Structure formats: C-alpha cells, structure tokens
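What follows is one structure encoded as structure tokens, with my remarks underneath.
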2 protein chains.
Amino acid sequence: METRELRYFVAVAEELHFGRAAQRLGIAQPPLSRAIQQLERRLGAALLDRTSRAVTLTEAGSVLLVEGRAALDAVGAAERRTRRAAPSATGRPGLVLVTKASASRELLAELLDAYAAEPGAVPVDVILCGPAEQERLLRDGRADVALLHRPFDSTAGFHTEELSTEGQVAVLPAGHPLTVRAQVLMADITGLPGLPLPRWPDPDGTYPPGPGPQVRDHAQLLQLVALGRACAVSPESCRAQLHGDLAAVPVLDAPKVTTVIAWPPHSRSRAVADLVRTATRL
Amino acid sequence: METRELRYFVAVAEELHFGRAAQRLGIAQPPLSRAIQQLERRLGAALLDRTSRAVTLTEAGSVLLVEGRAALDAVGAAERRTRRAAPSATGRPGLVLVTKASASRELLAELLDAYAAEPGAVPVDVILCGPAEQERLLRDGRADVALLHRPFDSTAGFHTEELSTEGQVAVLPAGHPLTVRAQVLMADITGLPGLPLPRWPDPDGTYPPGPGPQVRDHAQLLQLVALGRACAVSPESCRAQLHGDLAAVPVLDAPKVTTVIAWPPHSRSRAVADLVRTATRL
DNA sequence: CGGATCAATACCCTGCCAGTATCGATGACC
DNA sequence: GGTCATCGATACTGGCAGGGTATTGATCCG
C-alpha cells in the first residue's frame, strides 16, 4: 500500500464526500474515485458504502482510517526526523519540546535550566499547545519530547518517565461560598448551579454533547471561571497562574495528576536521552 | 515520501549494496540508484556515502533506517488489520496471539480457557516464536496481542497490563554440585567453568560478541544445558518443562520477571479488549 | 416530471518508473 | 604498472499508471 493511497483514503474517510476530499487533495474527483476503488480491490475489502447521496465507512474502513492515520504519522515522522538529522540542518540541531500552556511553569523552567547546564546540551525549542495537539506532534515527528499529564493524556506508544505527582484543586470565582472551605469533594462541585464543568474537545476536535461551555485551553477556562460561567478542576500547580478574581480549593477525591516526560520509542538521539536523564534527576 | 521509496531505501541500507538490494527487491540496479538519489534530493539530505567499493550510512541514513522500518511496519499493520476486518474474512475473524515457546504454559492455557468461556469469544490462533519476532509481529499487524516478559522484551509502543510476576531459577545439568543448594546468587553462576551463560540474538538478528553458545530459543538452551555446555537463568515457570537431565535452583538476586499482555495502541477490536479483560481477571 | 447533486465511467494524455546498454571510478592481482 | 573485476551512475527507451475533461447514471428534491 502506498502512502498516496492512504492519504487519499483518509481524506475521503474524513470528508465522507469524494468531491470535497478531491478538492482538499488538490486533484479532480474521478481519479480519486478510481484510486479508492483500486485500493478496495487490492485489499479485497469494501472500505466505503456509497449511495449517490451519502458515503459511509464500513467496518474495514473504520479500521483503515485509524490505522492509516497512524501509519501516515509514522511516515511523516520518518521524513521529518531524517531531515532534522541531515548535516545541512546542523545549524539548528535543537530539540523540540511540546507541552501544554497550563503545565507547571516551574517544572519546565527548572528542566530547561538544568538541561542547559549539561555538557553537550543543544538548544531546546518549546511549543505550547492544547492537549490533543501534543500527542500528534510527538507522533508525527514535529516534536522530539513532550511533557504529558496522566491520566488526561494518552501515553500509548511512547516511552515515558514519571516526573512528579500532584493533587487537584477546584478553581472558582473569588468570593464564591465554597472558597471559604479548606477542602471540597468532587460531589461538591459537579452540580453547582450556574457553574458547570467545561467540555474539552475529543482527539478528533469535536466536543462531546452535554452542558458546560466548550474550551480549548486553560487560559480560556480560567477566563470563563473568572466570568462566573464555569468552574474547573485543575492540577495544584495552576495556582501560580491564578490572579485576584480566582480562588482555588483542594479537591480531596480528585484523581492525582502525574507529569511524565514522553518520547518516541525509536529515538536514538543523545540529546533526547540527556534531556530525559536530566528530567528524572530533578 | 512513498512507501516504495522507503522499501527501497531500507533494502539498500540493510544490504549496504545496491546490486544485492535491487535483487532482493526484484528490480534492476539502475532504477534503484535513481530512486535513492531522488529520495535524497527530496529530503535534502545525504543518506548514503558511496564509493565504488563500499556503501555506508550517514547520520541521517541511520535515522531513516530506524524510522523507516517503523513506518513500513505501521503501513503493513494498517493493511493487514484492514484485511482482517473485511466482511469477506468473517469466516475467520479470529484473534492472533503471539508468545514465546518458553512462556508459562499454564498461564496461557488458563487464559485461553477463560476467554473461550466468555460470551462473544472468537477463535484464537496462537503463534509461538522467538523473543525478537514477537515485537515485530505485533507491530506489523500479523498478531493482535502478545504475552511479553519484562524486562527481556521491550514493550515500547504498546498498551500493556501486568499479569503475573515470578522469580528466576538457575537451570543446570542434573548432578551439578550447585544443584544441592536450596538457592544461589547470580555471582555463583556467572563464572562457572565450562558452563557459560548463552548469548541471545539482538533485535537485528546478530549475536553480541563474547563467550557462551548462541541460542535462538528456549528449547535450544535447555538442550545445551542438558549437554553440559551452558547454564541458564530462566523464569520459575519453566520448571514445568524440565525433564530428568535438568535441575533448577532459585536465584535470589535475579531480576523478577513480569508477564504482561500487550496490544497495539490503536486497537479498537472488541475481541482484543475482551481478551485483555479476561487476562487481567485471572 | 425537470433539476440538482454526486459518484462512476469513458477516453485521452503526460510523466514516471523500470528495463537495457554503457560509462567511470576504484581497488585487486599478476 | 597494466589489466581486469566490481560497483554505482548515467543515457536512452518503452509501457503503464495516475491525472485531467467530458459524460453518464442514480437518487433525492421541489
């Protein structure tokens, strides 16, 4: 199976529309139709059910969508990492570290400082992004190493080392009745009138149905809490980012959050190894 | 980057010889030379240093060899798993489980029996193979689930659940002086005259240099021990497979061996999920 | 019963990939 | 030192795959 065929199929499977998929791919619709047919013939499996009004995925098609995306990421990663290892790129042999904007700034600063002091340290570019992005960047080779947070992020497919564990706090508008308490339980904050917990996007970028505002990152969330439109449960370390309009109360029975450093299992880079070693020694 | 280019490069990188690689790929040598040149041009990176007498990998080339193999495995897995999910294959929608021949027979039998009793269980094909093969089969989609043994097998890139932990025993020829002991230490058996520990192949199929006989699987190893040509340190459960010529003594300070069930992180198959759930409940 | 939408088909053409033949460089051997 | 063998690169050619345009056929809508 060629990556071109995979790209074509993934486009159609995501759009569920040959015309739009062809447009996205920058080709005409007929070649796309034929390419998918050929792919189906070679696999001996129907991937799509088409009527002239709707295209839907078959069972095999759903499998290929998931597996195909992973395979395309792997190919993309191979390409990017090879480029990065090229001598012509030696001008910037830096590492790319990706983490959430909401992550502990102290831990990150400490790590970067400690690593920079190591002999043979290379420049580290830091990318901040939303939770779903991180995994993708690491998987497709745009990043070398990530700081992830269990249990929120999936660490499947990566090597990881645990760095720190912390409890969670409820973030509430300043002056809310609950803020006088020394601690609360999850049950205390799940049904607060007018202060629903927010909805985070699924990995595919869509939001689950239900009440609560949609948020993409932690800054948005804190903004909503300050506006009195939501409440939140966040790792303790976010307290450093709270300003006057917000208050935090420990949540006793919230799951503990573990910060881990993650890197792709094939990494043979000394820089990644050094950074990980530095991190585990903090 | 197309998978064809990757296949070509991996072949050349493994053979370090354009002629042999071309033969292996079933094409002539000139197209192969051109394909690699084109790949290098597109990546903007030299992958191979060629003289007319020798071909060697550059830094970027080594990266692409490792990453490219992983990517090709991912593409192969996508293809195989899609085929398996096709309705035409519904005649055999079975699971493929891969494990070492030396693994605990009881654990495996127990697992298969328990799973077969589950509602909705599908037939399970069992593949037995050497340690290095397992990872590959799981990674390239020929197997759905594996029983691996930490710390011997790398579980990088897979989801895993721990099933059981056991100590290790020294396996010695019957009648050896040490067999009268109730327990031994690693130090007692590392330097035994005439009974070296064996060498296992690296993931690439080559053997590390040093003394000791080369073995590929556990049966070979036990044979060598029975012949008085080696000794071994193996998980306790191998005792069930020892016959009269062999004796086992617990090794106090050998690392504990954990049997884990592993599956690819993208698996959305209910059968795999059921099998894993069954395994963790044993 | 038209018209709109959308995938499939028919047909053509271009460019890429693979093949054969050959060259050029390098090391081996007498 | 000359000759030969080895091995990768280059030159040239042909077939076919993949892409484009035009059109058909099926289905839903008003």
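A quick note: this is a predicted structure, and the numbers were derived from the prediction, not measured.
For B:R50 and D:dA9, the shortest distance from a side-chain N or O to OP1 or OP2 is below 4.0 Å. At C:dC16, none of the side-chain N or O atoms of B:Q38 fall inside 4.0 Å of OP1 or OP2 (strictly under the cut-off). Phosphate contact (OP1/OP2 of D:dA9, side-chain N/O of B:S33, threshold under 4.0 Å): present.
Taken residue by residue, residues 17-30 of chain A places heavy atoms nearer than 4.0 Å to DNA chain C at A:H17, A:F18, A:G19, A:Q29, A:P30. Taking a 4.0 Å limit (strictly below) on heavy-atom distances, residues 1-14 of chain A reaches DNA chain D at A:R4, A:Y8.
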If you look only at distance, which donor and acceptor atoms sit under 3.5 Å apart when one is on a side chain in residues 58-65 of chain B and the other is two or more places apart or in another chain?
{"unit_1": "B:T58", "atom_1": "OG1", "unit_2": "B:A46", "atom_2": "O", "d": "2.7"}
{"unit_1": "B:T58", "atom_1": "OG1", "unit_2": "B:L47", "atom_2": "O", "d": "3.1"}
{"unit_1": "B:T58", "atom_1": "OG1", "unit_2": "B:A60", "atom_2": "N", "d": "3.4"}
{"unit_1": "B:T58", "atom_1": "OG1", "unit_2": "B:G61", "atom_2": "N", "d": "3.0"}
{"unit_1": "B:S62", "atom_1": "OG", "unit_2": "B:T58", "atom_2": "O", "d": "2.9"}

Please report, to 0.1 Å, the donor-acceptor pairs under 3.5 Å made by any side chain of residues 26-39 of chain B, with sequence neighbours excluded.
{"unit_1": "B:Q29", "atom_1": "NE2", "unit_2": "B:S33", "atom_2": "OG", "d": "3.1"}

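A cation-pi arrangement, defined by a distance under 6.0 Å to the six-membered ring centre and an angle within 45 degrees of its axis, is absent between A:R20 and A:F18. A cation-pi geometry, defined here as NZ or CZ lying under 6.0 Å from the six-membered ring centre and within 45° of its normal, does not hold between B:R7 and B:F9.
Comparing the axis of the opening five pairs of the helix from C:dC1-D:dG30 to C:dC30-D:dG1 with that of the closing five pairs yields an angle of 20°, rounded to 10°.
Partners of B:H159 under the ring pair (Phe, Tyr, Trp, His ring centres under 6.0 Å) rule, at least two apart in sequence or in another chain, are B:W263. When the salt bridge (charged side-chain N to carboxylate O under 4.0 Å, His left out) test is applied to A:R41, no partner is found at least two apart in sequence or on another chain. Applying the side chain to side chain donor-acceptor pair (under 3.5 Å) rule to A:E14 yields the partners A:R24, A:R69; only residues at least two apart in sequence or on another chain are considered. Applying the side chain to side chain donor-acceptor pair (under 3.5 Å) rule to B:E5 yields the partners B:R42; only residues at least two apart in sequence or on another chain are considered. Residues satisfying the side chain to side chain donor-acceptor pair (under 3.5 Å) criterion with A:R136, sequence neighbours excluded, are A:D73. Among residues two or more places apart in sequence or in another chain, the side chain to side chain donor-acceptor pair (under 3.5 Å) test is passed with B:S267 by none.
A:E15 places its CD atom 11 Å from the P atom of C:dA7, with the value rounded to the nearest Å. Rounded to an integer number of Å, the gap from A:L32 CG to C:dT9 C1' is 15 Å. Between A:I36 atom CD1 and D:dG19 atom C1' the separation is 15 Å, expressed in whole Å. Protein atom CG of B:D49 is 13 Å distant from nucleotide atom P of D:dG8, rounded to whole Å.
In terms of polar N and O atoms assigned as donor or acceptor, the side chain of B:R34 comes within less than 3.5 Å of the base of C:dG19 in a complementary pairing.
At a threshold of 4.5 Å between non-hydrogen side-chain atoms, the residues A:E118 and A:R277 count as touching. Within the 4.5 Å cutoff, no side-chain heavy atoms of A:D153 are placed close to those of A:E135.
Across D:dT10, C:dA8, D:dG18, the shortest atom-to-atom separation from the side chain of A:Q37 is found for C:dA8.
Other residues, nucleotides and ligands place no more than 12 heavy atoms under 6.0 Å from the CZ atom of A:R229.
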Would you tabulate the nitrogen or oxygen pairs shorter than 3.5 Å linking the protein to nucleotides 24-29 of chain D?
{"unit_1": "D:dT27", "atom_1": "O4'", "unit_2": "A:S52", "atom_2": "OG", "d": "2.8"}

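Checking A:L275, A:V124, A:L95, A:L97 one by one against A:D144, the side-chain contact (heavy atoms from CB on, under 4.5 Å) holds for a single residue, A:L95.
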